[in-house]
Amino acid sequence: MVRIAVLVSGGGTNLQALIDAQHRGEIPGGEIAAVIASKPGVYALERAKQAGIPGYVVARADYDSPRAMTVALVEKLRALEIDLVVLAGFMTIITEEMVSAYPNAILNVHPALIPSFCGQGYYGLHVHEKALEYGVKVSGATVHFVSEECDGGPIVLQKAVYVEEGDTPEILQRRIMEQAEWVILPRAVALFCQGKLRVEGRTVHILK
Ligand code: GAR
């Protein structure tokens with residue numbers, strides 16, 4: 001069984017999509033073993049509690065630097081014998097210590113079609129503000145492996161979503177969550193847990 005930790009910072013709707021997929025039996029070979037939040041009191045921890053999943057806090061505020069926090073996170077993940085780390089709306093910078101502890105075993109969901117609207121400063125609602133400012137007609141979501149480059153790791157799955165007349169950042173964010181993020185994140189996690197992802201350079205091959 002692949003032991004999965006989901007790292008969260010906020011509302012946790014992507015975590016909920018993973019919990020629901022697990023309940024429907026759509027993540028064979030995997031088990032959400034822990035939810036770890038970057039601050040106390042976030043609603044994602046309540047979702048974990050309701051699903052009977054152990055919740056933990058490794059608070060950014062308790063550490064001097066992103067590096068110190070990452071080292072503490074890695075220790076926690078190791079203690080919990082985690083095999084796959086899923087960043088689901090995790091808004092804290094993680095450093096290379098995490099990437100080298102979990103090579104090609106950290107998945108992130110990003111609310112745009114990478115390489116558009118990604119990298120430093122592109123997170124949460126800002127991504128959708130930038131997409132609307134630019135005037136794109138199509139956006140979407142990407143699930144990728146995490147590498148040392150911010151939002152630059154090998155792409156696992158992407159799904160496009162149309163921008164519509166009158167969209168606000170909030171409306172576009174919600175549509176991208178419903179139509180793309182909540183669909184491709186559980187799917188990518190399931191593929192990983194079934195051993196169906198093979199990384200070759202920048203390309204992720206999906207095995208039959
Ligand atoms: C999601 O839209 C996720 O893609 C985004 O934050 C939101 C979290 O929502 N992540 C990033 O922007 C990371 N760069 P959630 O807490 O309801 O899952």
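Start at 1 and go down the list; that is how both ligands and their atoms are numbered. For the single chain, residues carry numbers from 1 onward in sequence order. Not measured: the values here are computed from a predicted model.
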Residues two or more places apart in sequence or in another chain: which of them pass side chain to side chain contact (heavy atoms under 4.5 Å, CB included) with Arg47?
-> Thr13, Leu15, Gln16, Tyr43
Are Val86 and Leu7 side-chain neighbours, meaning at least one heavy-atom pair lies under 4.5 Å?
-> no
Enumerate the protein residues lying less than 4.0 Å from ligand 1, judged by heavy-atom distances, in chain and residue-number order.
-> Gly11, Gly12, Thr13, Asn14, Gly89, Met91, Val109, His110, Pro111, Tyr122, Tyr123, Gly124, Met177, Glu181
Parallel, tilted or perpendicular: which describes the rings of Tyr134 and Phe117, with under 30° parallel and over 60° perpendicular?
-> perpendicular
Would you tell me whether Thr70 and Glu97 have side-chain atoms, one donor and one acceptor, within less than 3.5 Å of each other?
-> no
Sequence neighbours excluded, the answer for side chain to side chain contact (heavy atoms under 4.5 Å, CB included) partners of Val199 is Asn104, Phe145, Pro154, Val204
Please identify each residue that fulfils side chain to side chain donor-acceptor pair (under 3.5 Å) with Ser147, with sequence neighbours left out.
-> none
